[in-house]
Undergrad: 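Questions regarding the structure given below will be posed in turn.
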Amino acid sequence: MKNIIFIAPPAAGKGTISDILVKDYNYEHLSTGDLLREEIKSGSSFGQEINDIISKGELVSDEIVIKLVTEKLNFLKDKAFILDGFPRTLNQAIKLDEMLITLGVTNNLVAYLDIDLDTALKRVLGRVICPKCKRSYNVYNEGLKPKNENICDDCNVLLEKRSDDTEETFKVRFNSYLENVNPIIEYYKEKGIYKSFLANGDPKELAVNIIKEANND
Ligand code: AP5
Ligand code: MG
């Protein structure tokens with residue numbers, strides 16, 4: 001099974017599809033957004049700096065996220081893993097290649113999840129997340145609602161909103177994502193490992209389509 005590198009705009013469903021692939025196909029999941037939010041929760045001054053950036057919808061520096069991913073990838077190199085939210089700049093993509101070569105990891109699929117701003121905005125305004133397992137729910141979608149209002153199905157804790165899930169911040173995040181992504185797409189197209197998927201259907205069907213591609217040698 002290939003490793004899956006998600007490059008997709010905010011709220012395209014990277015976290016949701018990753019949860020399905022972890023539960024049903026045994027993937028390991030590495031989300032830079034989740035790692036950064038953990039740092040914020042720790043209450044450190046570094047976390048406060050990160051919070052100021054994320055709350056404005058801006059990108060954290062390449063240096064910080066590359067360091068975070070380098071540390072974690074060492075533990076994942078012998079497993080099938082998902083990278084969610086990394087790379088987000090061409091520089092990060094180039095650095096990721098260097099890391100993967102050093103670790104001897106060669107079997108990768110870059111999956112782009114294609115979504116428009118209006119659909120993504122609606123999703124983000126309905127999103128609530130579990131602070132413990134990080135699962136994303138959606139109060140506007142019957143299939144993605146928690147069973148009990150505002151409680152995680154798996155962890156039984158109160159669900160939360162993300163500080164960057166406001167309409168204003170979301171539009172900044174979405175547009176800045178699109179500004180950065182084209183060179184990354186071209187980079188992976190040239191390597192022949194890029195595939196785009198429509199992200200506005202059923203999440204389980206989308207996960208199955210991605211797995212078919214990840215199993216395709
Ligand atoms: P990050 O946490 O990665 O946020 P993001 O990329 O903006 O993506 P999201 O987590 O918002 O969306 P998602 O695609 O995971 O969607 P989800 O599955 O939750 O990053 C946050 C911030 O950290 C960045 O803005 C940046 O500041 C910083 N950062 C992170 N990585 C960085 C990097 N590499 N470099 C620099 N800075 C970095 O789904 C969204 C909602 O839709 C949910 O409610 C879900 O239930 C629902 N949903 C999902 N799929 C469907 C479906 N098919 N149909 C209907 N609803 C659906
Ligand atoms: Mg996410």
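Numbering of ligands and ligand atoms starts at 1, following listing order. Position 1 is the first residue of the sequence, and the numbers go up from there.
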Undergrad: If you measure from SG on C152 to CZ on R135, what distance do you get to the nearest 0.5 Å?
TA: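 If I round to the nearest 0.5 Å, the distance is 6.0 Å.
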Undergrad: May I ask you to establish whether K191 and Y187 are in a cation-pi arrangement, using a distance under 6.0 Å from NZ or CZ to the six-membered ring centre and at most 45° from the ring axis?
TA: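 Yes, K191 sits over the ring of Y187.
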Undergrad: Only heavy atoms of G15, strictly under 4.0 Å: list the atoms of ligand 1 that pass.
TA: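 Once the distances to G15 are compared, the set is 13 (P), 15 (O), 18 (O).
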Undergrad: May I ask you to say whether R162 pairs ionically with D164, meaning some side-chain N is under 4.0 Å from a carboxylate O?
TA: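 Yes, charged N to carboxylate O under 4.0 Å.
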Undergrad: Checking a contact table here: which protein heavy atom is nearest atom 9 (P) of ligand 1, and how many Å away?
TA: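 Result for atom 9 (P) of ligand 1: R127 NH1, 3.3 Å.
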Undergrad: Kindly identify the option in R88, E205, R123 whose heavy atom sits closest to atom 42 (O) of ligand 1.
TA: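 Checking each option, the heavy atom nearest atom 42 (O) of ligand 1 is found in R123.
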Undergrad: Check the side chains of E39 and S44 for a donor-acceptor pair under 3.5 angstrom, ignoring hydrogens and angles.
TA: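 On atom types as modelled, these side chains qualify, holding a pair under 3.5 Å.
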Undergrad: Where is the tightest heavy-atom contact between P9 and L178, given as atom of each residue plus distance?
TA: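 That closest heavy-atom pairing would be CG-CD2, 4.3 Å.
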Undergrad: Which residue and atom name correspond to the protein heavy atom nearest atom 4 (O) of ligand 1, and how close is it?
TA: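 Nearest protein contact, heavy atoms only, for atom 4 (O) of ligand 1 is R162 NH2, 3.2 Å.
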Undergrad: Grab the two heavy atoms, one from Y27 and one from K2, that are nearest each other, plus how far apart they are.
TA: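 Nearest heavy atoms, Y27 then K2: OH-O, 2.5 Å.
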Undergrad: Taking only heavy atoms of P203, which atoms of ligand 1 are found under 4.0 Å from at least one of them?
TA: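 Within the 4.0 Å cut-off of P203, ligand 1 contributes 52 (C), 53 (N).
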Undergrad: If every non-hydrogen atom of I7 is compared with every non-hydrogen atom of I185, which pair is closest and at what distance?
TA: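 Scanning both residues, the minimum pair turns out to be CD1-CG1, 4.0 Å.
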Undergrad: Could you tell me which atoms of ligand 1, counted from 1 in the order shown, lie closer than 4.0 angstrom to a heavy atom of N138?
TA: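 In order of number, 41 (C), 42 (O), 43 (C), 44 (O), 46 (O), 47 (C).
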Undergrad: Should P10 be counted as touching ligand 1, given the test is an N or O pair under 3.5 Å?
TA: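 In this structure, P10 places no N or O atom under 3.5 Å from an N or O of ligand 1.
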Undergrad: Between Y177 and ligand 1, which part of the residue brings a heavy atom under 4.0 Å of the ligand: side chain, backbone, both or neither?
TA: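 Y177 to ligand 1: no contact under 4.0 Å from either part.
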Undergrad: Considering only the protein, which heavy-atom contact is closest to atom 36 (C) of ligand 1, and what is its distance?
TA: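 Its nearest protein heavy-atom neighbour is V60 O, 3.2 Å.
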Undergrad: May I ask you to list the atoms of ligand 1 that are less than 4.0 angstrom from any heavy atom of R37?
TA: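 Near R37, meaning under 4.0 Å from one of its heavy atoms, ligand 1 has 2 (O), 21 (C).
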Undergrad: Quick check on contacts: which atoms of ligand 1 are under 4.0 angstrom from a heavy atom of E58?
TA: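 Numbered from 1, ligand 1 contributes 26 (C), 27 (O).
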Undergrad: Below 4.0 Å from ligand 1: does a non-hydrogen atom of S31 turn up there or not?
TA: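 Flag not set, S31 not near ligand 1.
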Undergrad: Should the proximity of R173 to ligand 1, defined as any heavy atom under 4.0 Å, be assigned to the side chain, the backbone, both, or neither?
TA: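 The answer is the side chain.
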Undergrad: For residues F86 and T32, report the shortest heavy-atom separation together with the two atoms involved.
TA: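 Heavy atoms only, the tightest pair is CB-CG2, 3.7 Å.
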Undergrad: To the nearest 0.1 Å, how far is atom 34 (N) of ligand 1 from its closest protein heavy atom, and which atom is that?
TA: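 Going atom by atom, the protein heavy atom closest to atom 34 (N) of ligand 1 ends up being G85 O, 2.8 Å.
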Undergrad: Is it true that K23 and D154 have a side-chain N and a carboxylate O under 4.0 angstrom from each other?
TA: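 So K23 pairs with D154 through a salt bridge.
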Undergrad: Report the member of L59, T16, L36, L113 with the shortest heavy-atom distance to atom 29 (N) of ligand 1.
TA: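 Shortest heavy-atom distance from atom 29 (N) of ligand 1: L36.
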Undergrad: Which of the numbered atoms in ligand 1 are below 4.0 angstrom from a heavy atom of N141?
TA: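 Under 4.0 Å from N141, ligand 1 has these atoms: 55 (C), 56 (N).
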Undergrad: Just to check, does G201 reach to within less than 4.0 Å of ligand 1 when the distance is taken from its heavy atoms?
TA: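 True for this residue.
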Undergrad: Starting from atom 8 (O) of ligand 1, what is the nearest protein heavy atom, named by residue and atom, and what distance separates them?
TA: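 It is K14 NZ, 2.9 Å.
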Undergrad: Is A12 near ligand 1, meaning one of its heavy atoms is under 4.0 Å from it?
TA: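 A12: in contact with ligand 1 (<4.0 Å).
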Undergrad: When rounded to the nearest 0.5 angstrom, what distance separates CG in D165 from CD in E160?
TA: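 Rounded to the nearest 0.5 Å, the CG-CD separation comes out at 11.5 Å.
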Undergrad: Would you say D84 has any N or O atom under 3.5 Å from an N or O of ligand 1, going by distance alone?
TA: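 Between D84 and ligand 1 (N or O atoms, distance only) the closest approach is not under 3.5 Å.
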Undergrad: Closer than 4.0 Å to some heavy atom of T32 - which atoms of ligand 1 meet that?
TA: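 Once the distances to T32 are compared, the set is 30 (C), 31 (N), 32 (C), 34 (N).
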Undergrad: Tell me which protein heavy atom sits closest to atom 12 (O) of ligand 1, plus the residue, atom name and distance to 0.1 Å.
TA: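 I find the closest protein heavy atom is A11 N, 2.7 Å.
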Undergrad: I need the contact type for L144 against ligand 1. Using non-hydrogen atoms and a strict under-4.0 Å cut-off, is it side chain, backbone, both or neither?
TA: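 Only the side chain of L144 comes within reach of ligand 1.
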Undergrad: Take N182 and E186 through the test side chain to side chain donor-acceptor pair (under 3.5 Å) and record every step on the way to the result.
TA: CA-CA 6 Å; N182 276 337; E186 290 310 315; over 6 Å; no
Undergrad: For ligand 1, find out whether one of its N or O atoms is nearer than 3.5 Å to an N or O atom of S136.
TA: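 Looking only at distances, the answer is yes, because the N/O contact criterion of under 3.5 Å is met.
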Undergrad: Under a 3.5 Å threshold, yes or no: a donor from one side chain and an acceptor from the other, between N209 and E213?
TA: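 Short answer, no.
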Undergrad: Can you give me the closest heavy-atom contact between I210 and L109, atom names plus distance?
TA: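 Shortest heavy-atom separation between I210 and L109 comes out as O-CD2, 4.1 Å.
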Undergrad: Would you say Y137 and V157 are hydrophobically clustered, going by side-chain heavy atoms of ILVMFWY under 4.5 Å?
TA: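 No: no chain of side-chain contacts under 4.5 Å links Y137 to V157.
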Undergrad: Considering only the protein, which heavy-atom contact is closest to atom 23 (O) of ligand 1, and what is its distance?
TA: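 It is I54 CD1, 3.4 Å.
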Undergrad: Classify the side-chain pair T119/N200 by whether it contains a donor and acceptor separated by less than 3.5 Å.
TA: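 No, no side-chain donor-acceptor pair sits under 3.5 Å.
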Undergrad: Could you tell me which atoms of ligand 1, counted from 1 in the order shown, lie closer than 4.0 angstrom to a heavy atom of Q92?
TA: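 Near Q92, meaning under 4.0 Å from one of its heavy atoms, ligand 1 has 33 (C), 34 (N), 35 (N), 36 (C).
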